[in-house]
Amino acid sequence: VKLDAAGDVLRSTAILPAYKKANPGLSIWWVTENVSKPLLEKNPYIDVLLTPDALLPVTLSVVAFGRAYNFDMSRKAAAILAVANSASKKGFGLSPEGSVVPLEPIGEEWFEMGLFDTVKRANQKTYQSHLFKLGGLTYQGEEPQLILTQKEKDWALAFAKKNKLTAYKKIVGFNIGSGGRWPMKRWRLDGFAWLAKALKKKYPKTGILLYGGPEERELMPALSKKLKGLVLPTGTENTMRQFASLVGLTDVMVTGDTLALHVSIALGKRTVAYFGPTSDVEIDLYGRGEKVLPRKPCECYYQSQCSVKTSCMDNLEEKDMLAAVERQMKLA
């Protein structure tokens, strides 16, 4: 069971190859939310993909599972685990009082990180390291998977052809979104504007694509208009898999700690990831990118609103971002 958020669901797929390798012939069933389901479709390691519906409790109570895991600390996810027909349940479950609790001592560290920001900030392990520990495995650099079909790749290539992207030597993507839960993760639009102008001035043969979702439906056209043809918007109403297909066009993706980051990583793209109020340590770039941090540490760690006059995102230097993008462009 791994319901949300979408980026967490995607990066959790890193554990699947390890499970299959350790257990030849294993059949893996995965329960996730409908919004995250597209990210798991076509994954060769998932045998049955389910979403919460009226039939799910019946199905899980009838099928005999050798082991059942819940990697989410939500009451909904814990309740789904509770009805699973398995004598071996791992991860996070429900107490008799209805509280979410770790089912084993190995889950206490991750559980406390979800409760206390001070513990979260002190963490020095990647998300995958914690995930594998919860799953009874040792993380050895296994990567998440996002499998695009040839039809989806062709759809993205048609977009590239229509917009004459082959005229460019390199394609750099700017993901200007941050997701709805942590809006303070978003970098300043004037920072993206400065970076676009600097890149185009220094590397005229570089194409810059703007990425975002429905929450950026006003921001994306505004930034595009401000930059007067220096960037190309990819749209804000794409499906999740269309979005991923368009990310596949980039040589380097510039993004904050959001879904686009995990899509870029899963597609093996060079990634410049910037961080502020969330943990950079938890992110594994698999040697294909670098992280850019504010010159001044965040004072509002994992808070939805900033309580200081100058936020950490305001302290994220444009020149640091440019230098990171340049290094990754040379490696792409």
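Being a predicted model, the structure only gives us computed values, none of them experimental. Along the sequence shown, residues carry numbers from 1. When reading the values below, keep in mind they use all heavy atoms of this one structure, side chains included, and skip hydrogens, waters and symmetry mates.
Nearest heavy atoms, Gln242 versus Thr239: OE1-N, 2.9 Å. Heavy-atom minimum distance, Leu10 versus Ala266: CD2-CB, 4.2 Å. Shortest non-hydrogen contact noted between Arg241 and Leu148 is NH2-CA, 3.7 Å. The two residues Pro233 and Phe159 have their closest heavy-atom pair at O-CZ, 4.0 Å.
Residues meeting the ring pair (Phe, Tyr, Trp, His ring centres under 6.0 Å) test with Tyr139, sequence neighbours left out: Phe132. By the salt bridge (charged side-chain N to carboxylate O under 4.0 Å, His left out) test, Asp190 pairs with Arg188, sequence neighbours left out. Evaluation of the salt bridge (charged side-chain N to carboxylate O under 4.0 Å, His left out) rule for Glu237 yields Arg217 as partners, not counting sequence neighbours. Evaluation of the side chain to side chain donor-acceptor pair (under 3.5 Å) rule for Gln150 yields Asp154 as partners, not counting sequence neighbours. For Ser129, the side chain to side chain donor-acceptor pair (under 3.5 Å) criterion is met by Thr126, not counting sequence neighbours. Scanning for salt bridge (charged side-chain N to carboxylate O under 4.0 Å, His left out) contacts around Asp4 gives an empty result, with sequence neighbours left out. Under the rule for a side chain to side chain donor-acceptor pair (under 3.5 Å), the partners of Trp29 that lie at least two apart in sequence or sit in another chain are Ser27. Considering only residues two or more places apart in sequence or on other chains, Asn43 meets the side chain to side chain donor-acceptor pair (under 3.5 Å) condition with Gln145.
Within the 3.5 Å criterion, the main-chain N or O of Lys153 finds no donor-acceptor partner in the side chain of Ser245. In this structure, Thr258 contributes its side chain and Ala260 its backbone to no donor-acceptor pair below 3.5 Å. With hydrogens and angles ignored, the 3.5 Å screen pairs a side-chain donor or acceptor of Asp47 with a backbone N or O of Ile28.
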Legend entry - Met253 and Arg270: CA distance, side-chain angles, deciding distance, side chain to side chain contact (heavy atoms under 4.5 Å, CB included) verdict: CA-CA 6 Å; Met253 172 58 75; Arg270 286 276 158 187; over 6 Å; no

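With no hydrogens or angles considered, a side-chain donor-acceptor pair links Ser264 and Thr271 at under 3.5 Å. A donor and an acceptor atom, one from each side chain of Glu33 and Ser36, are nowhere located under 3.5 Å apart. Using modelled atom types and a 3.5 Å distance limit, the side chains of Glu97 and Ser95 yield a donor-acceptor pair. Tyr274 and Glu290 share no donor-acceptor pair across their side chains, judged by distance under 3.5 Å alone. Under the 3.5 Å distance criterion, with hydrogens and angles disregarded, no donor-acceptor pair is assigned to the side chains of Asp8 and His262.
No salt bridge links Glu142 with Lys21; every basic N to acidic carboxylate O contact stays at or beyond 4.0 Å. Salt-bridge check for Arg186 with Glu215: failed, with every basic side-chain N at 4.0 Å or more from each acidic carboxylate O. Salt bridge annotation for Arg295-Asp320: present, with a cationic side-chain nitrogen under 4.0 angstrom from a carboxylate oxygen. Classification of Glu143 and Arg288 as a salt-bridged pair holds, one side-chain N sitting under 4.0 Å from a carboxylate O. Under 4.0 Å is where a charged nitrogen must lie from a carboxylate oxygen, and between Lys2 and Asp72 at least one such pair does.
Counting only residues at least two apart or in different chains, ring pair (Phe, Tyr, Trp, His ring centres under 6.0 Å) contacts with residues 2-23 comprise Tyr19-Tyr69.
Counting heavy atoms from C-beta on, the side chains of Leu60 and Leu50 come closer than 4.5 Å.
In the hydrophobic clustering (ILVMFWY side chains linked at under 4.5 Å, chained through shared members), Ile147 stands by itself.
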Give the table of side-chain donor-acceptor pairs shorter than 3.5 Å for residues 104-112, with sequence neighbours excluded, one pair per line with atom names and distance.
unit_1, atom_1, unit_2, atom_2, d
Glu104, OE2, Lys90, NZ, 3.1
Glu109, OE1, Lys125, NZ, 3.2
Glu109, OE1, Lys133, NZ, 3.3

Would you give me the side-chain donor-acceptor pairs under 3.5 Å for residues 204-214, sequence neighbours excluded?
unit_1, atom_1, unit_2, atom_2, d
Thr206, OG1, Tyr203, O, 3.4
Tyr211, OH, Leu246, O, 2.6

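By the criterion of side-chain heavy atoms lying less than 4.5 angstrom apart, applied directly or through intervening Ile, Leu, Val, Met, Phe, Trp or Tyr residues, Leu259 is grouped together with Leu267 in one hydrophobic cluster.
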